[in-house]
Each structure stands twice: as C-alpha cells, then as structure tokens.
There are 2 protein chains.
Amino acid sequence: MMMDQSCPGKVEPILEILDGKWMLILLFELFNGNKRFGELRRKLHPISPKTLTDRLRLLEEKGIVTRTIYPGVPLHVEYDLTESGRGLQPIFEAMWTWTQSYGAYLRNETNEGEEAGKVM
Amino acid sequence: MMMDQSCPGKVEPILEILDGKWMLILLFELFNGNKRFGELRRKLHPISPKTLTDRLRLLEEKGIVTRTIYPGVPLHVEYDLTESGRGLQPIFEAMWTWTQSYGAYLRNETNEGEEAGKVM
DNA sequence: CTGGATCCACTACGATACTG
DNA sequence: CAGTATCGTAGTGGATCCAG
C-alpha cells in the first residue's frame, strides 16, 4: 500500500461521490440491487425529486451508476451500480468498522436522537 | 460484517469528519505526525486561518485530534491524532485502493489541471 | 505565533408546480 | 412514471483585518 504525500489530492475526488446529505444512503440502496426512480424516492423520503435527480446524474457522470430506460407507458427507468460503483463497498465497510469501534457518540449530530434502541 | 438497512444512518456521521474541502489532506498531514498551527497552514496553503481553525475545532470536538498548548512567547500549539483519529487510516486505504482501480478520470474535477507533476 | 471577528459568495438542498 | 422548471433558503468556506 503506497501512501505518499500525493494521496490526499488523489483520493479527494471520491468525496464528490460520498459527500452530501443523500449520497451514502442512496448508494446503500443501490448496493441492494437496481432500483427505479420512484422506488428510490420512497426509500429516501422526504428527498425532493430535483435533488434525487441531481445526485443520480452526478453518479452517472462519475461512472458509478447506469441509467436504463425501458420505453413504454408508464415510463420505466432503472438505476444500477457499475462495477466501479460496487467497488465502493469496501470503503463503506471500513467506515462501518470505524463507527462501531470509535463512533459511538458521533450519532447525536446527524441523527436527531430517536435511534436509541434501534435494530442496527 | 453486518451491513443492514440502518447502516447508512450510523455511518453518515463520519462524513462530518471526512467531509469538506480540507479534511482529507488535513488528516493526512496529521497521520505523518503531530503538527503546529502554522505548519499545517503552510502545508494546506492557501487555506485561511479561520477555516483551519474551524476544521481543527471540529476534529477536536469529535475526539479525532488533541490540542496541546505550550505556554510561552511566541505561543506554541501542537495538534495530534487520538487513537480514534488514527483508526481512520483503514478508511483512507480503502479509498486509496478504489482510486487506483476505478478513480482514474475523476481527477479532473477537484484539481484544476495544473497539478500534473506536482509533488504535494 | 495562534487564532478571533466580520462580511461575503457560492452552492447544495428544498418546495412547489408542471410535463412527456 | 419519471422527471424538469423556478424560486427560495441556509450553511459552509473564503478574504481580510485585528488581537493576545
């Protein structure tokens, strides 16, 4: 593992993908299989359609997801991870491991507090 | 490795730490040993003192770094990683691995183009 | 040397309404 | 169903100057 001084600059672009209010949970949903727009919208409720579109388009640009259109009425569009997208999973796992070891009290920031006895 | 539906919410708080324009490179500098304010300021040039202070304070709150003051004139303050902070390294390594495999063309976004042969 | 104080700009994100 | 168009907001990082 080469971790020299130029790493931060090289690694930083990943944050465009992992960053922001919805990206993590969005990617997580996609890890569990391809999904349609409305499906994602329900899972990420109360995300706005504009924001969901923005995030999805960014992921598409970055080669993380594919967008497949099945013509017909009603319209049918599927979002799926590319191989590159699936390759992000080890990063999630590393984050998850860290969270379990050290992240206990960080919860109070983004979660609003009603997660006390939740299932995990 | 348990990765169920509530993981994203649990993992998300890490992004407060990894997130933002300077956090990655800041943490990276700290991985290479404790540093003083001015030292970090030079390494992260052209970061503003306000922003550097903000980032450092956040990391302190989260238990990622310690701030040690050595009284005297001129003032001497050292920033160092806690064990929790050092525990972030596997996440960096996972990101680094991903970058090398899939992230080749992502570079053009955050780097403005004049970084070609830069040492950093 | 190590910041605090102020002011400002940008942009992610949201609400809502509308369309092929 | 799957978005687009518009408008609005709030938080975050930056510039600059000042202070213990």
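Proteins come first, then strands; the chains are lettered A, B, ... in the order of their sequence lines, and each starts at number 1.
Y79(A) and Y70(A) are assigned to two separate hydrophobic clusters, defined by single-linkage of ILVMFWY side chains at heavy-atom distances under 4.5 Å.
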Given L26(B) and L44(B), is the side chain to side chain contact (heavy atoms under 4.5 Å, CB included) satisfied, shown in steps?
CA-CA 7 Å; L26(B) 173 53; L44(B) 303 196; 3.9 Å; yes

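Contacts of K50(B) classified as salt bridge (Lys or Arg N to Asp or Glu O under 4.0 Å), with partners at least two apart in sequence or in another chain: D54(B).
The distance between atom NZ of K50(A) and atom C1' of dT19(C), rounded to the nearest whole Å, is 18 Å. Spacing between atom CG of L15(A) and atom P of dT11(C) amounts to 17 Å, rounded to whole angstrom units. Rounded to an integer number of Å, the gap from H45(A) NE2 to dG14(C) P is 11 Å. Across the protein-nucleic acid pair, L26(A) atom CG and dC13(C) atom P stand 11 Å apart, rounded to whole Å. Look at NZ on K35(B): it is 14 Å from P on dT2(C), rounded to the nearest Å. Between the C1' atom of dA12(C) and the CG atom of L58(A) lies a distance of 12 Å, rounded to the nearest Å. Taking atom CD of residue E12(B) and atom C1' of nucleotide dC13(C), one finds them 14 Å apart after rounding to whole Å. Atom CZ in F37(B) sits about 11 Å away from atom P in dC1(C), given to the nearest Å.
Considering L27(A), L24(A), L58(A), I91(A) as possible partners of I17(A), the one that fulfils the side-chain contact (heavy atoms from CB on, under 4.5 Å) test is L27(A). Each of M23(A), E61(A), K62(A) was scored for a side-chain contact (heavy atoms from CB on, under 4.5 Å) with E16(A), with one residue passing: K62(A).
To the nearest 0.5 Å, the span separating CZ on F37(A) from CG on L75(A) amounts to 11.5 Å. The line from CD of E78(B) to CG of L40(B) is 9.5 Å long, rounded to the nearest 0.5 Å. One distance of note links OG1 of T82(B) with CD of E60(B); it measures 11.0 Å at 0.5 Å rounding. Separating the CG atom in L81(B) from the OG1 atom in T66(B) is a distance of 8.0 Å, to the nearest 0.5 Å.
For DNA chain D, the span of nucleotides reached by chain A at under 4.0 Å from its heavy atoms goes, 5' to 3', from dC1(D) to dT6(D).
Applying a 4.0 Å cut-off to non-hydrogen atoms, the residues of residues 66-78 of chain B that approach DNA chain C are R67(B), P74(B), L75(B), V77(B), listed by residue number.
Side-chain N/O atoms of T51(A) include one lying less than 4.0 angstrom from OP1 or OP2 on dG14(C). Distances shown here put a side-chain N or O of R57(B) below 4.0 Å from the OP1 or OP2 atom of dG3(C).
Nearer to the 5' terminus of DNA chain D, by closest-nucleotide assignment, is the contact made by R55(B) (compared with the other of R55(B) and P49(B)).
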